Amino acid sequence: QVQLVESGGGLVQAGGSLRLSCAASGGSFSDTTMAWFRQAPGNGREFVACINWNSRHAYYHDSVKGRFTISRNNAENTVYLQMNSLKPADTAVYYCAGRLTLEVPTTPSEYDSWGQGTQVTVFS
């Protein structure tokens, strides 16, 4: 398993952008499928995006398609989430997750490494 630390959250006006980073240590990052999830108060953890080990496959929740982009740099053991055209509905704690697999799962239960989360707040 990899250990994960997110950064880059903050307060942003609607329509703005943020870039989240997730730094991994330990384990084998280059063989690990990575994902971003988010959780708003009172809600369950929601899938946002995921990317396979070689970046050939990436999937997004419908609500963020065309606005968010997931990417990774295996040389730097880091995965990113570029978030553009942010909306108040995007306000949540964003979590980075990982699993050593060739598959690209989209449910939280299929991931076994988690970061501590970073808060994103979008105001109108």
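The residues of the chain are indexed from 1 along the displayed sequence. Please read these numbers as outputs of a predicted model, since none were measured by experiment.
- Figure legend: cation-pi geometry between Arg38 and Tyr95 absent, as NZ or CZ is not positioned both under 6.0 Å from the six-membered ring centre and within 45° of its axis.
- One N or O on the side chain of Arg99 and one on the backbone of Glu110 form a donor-acceptor pair closer than 3.5 Å.
- The closest donor-acceptor contact from the side chain of Glu46 to the backbone of Gln39 lies at 3.5 Å or more, if one exists at all.
- The pair Lys65-Asp62 counts as a salt bridge, with a side-chain nitrogen and a carboxylate oxygen less than 4.0 angstrom apart.
- In this structure the side chain of Trp36 never reaches within 4.5 angstrom of the side chain of Cys50, judged on heavy atoms.
- A donor-acceptor pair is defined here as one N or O able to donate and one able to accept, closer than 3.5 Å; no such pair exists between the side chain of Ser109 and the backbone of Thr107.
- Taking 4.5 Å as the limit, every side-chain heavy atom of Phe29 sits out of range of all side-chain heavy atoms of Leu100.
- Not a single donor-acceptor pair under 3.5 Å links the side chain of Ser113 to the backbone N or O of Gln3.
- Put simply, the side chain of Arg72 gets close to the backbone of Asn52: a donor and an acceptor are under 3.5 Å apart.
- Between the side chain of Asp31 and the backbone N or O of Ser28 there is no donor-acceptor pair closer than 3.5 Å.
- Under the 3.5 Å distance criterion, the side-chain polar atoms of Glu6 are matched with a main-chain donor or acceptor of Gln116.
- Leu81 and Val12 fall within the same hydrophobic cluster, where Ile, Leu, Val, Met, Phe, Trp and Tyr residues are linked whenever their side-chain heavy atoms come under 4.5 Å apart, directly or through other members.
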Yes or no on side chain to side chain contact (heavy atoms under 4.5 Å, CB included) for Tyr80 and Ile70, after CA distance, side-chain angles and deciding distance? CA-CA 6 Å; Tyr80 303 97; Ile70 188 170; over 6 Å; no

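- Side-chain atoms of Ser17 and Asn84 include a donor-acceptor pair closer than 3.5 Å.
- The backbone N or O of Gln82 sits nowhere less than 3.5 Å from a side-chain atom of Thr69 that would complete a donor-acceptor pair.
- No donor-acceptor distance shorter than 3.5 angstrom exists from the side chain of Thr91 to the backbone of Thr121, with no hydrogens or angles considered.
- Going from atom OH of Tyr60 over to atom CZ of Phe47 covers 9.0 Å, rounded to the nearest 0.5 Å.
- Between the OG1 atom in Thr33 and the CD1 atom in Ile51 there is a gap of 9.5 Å [rounded to 0.5 Å].
- Residues Leu18 and Met83 have side chains in contact (heavy-atom distance under 4.5 Å, counting atoms from C-beta outward).
- Going from atom CG of Leu4 over to atom OG1 of Thr32 covers 8.5 Å, rounded to the nearest 0.5 Å.
- Residues Tyr111 and Phe37 place their aromatic rings such that the two centres sit under 6.0 Å apart.
- Looking only at side-chain heavy atoms (C-beta outward), Asn54 and Asn74 stay at 4.5 Å or farther from each other.
- A continuous path of hydrophobic side-chain contacts links Val93 to Trp114 [ILVMFWY only; heavy atoms under 4.5 Å].
- For the side chain to side chain contact (heavy atoms under 4.5 Å, CB included) with Val79, the qualifying choice from Ser21, Ser71, Cys22 is Cys22, the only one to do so.
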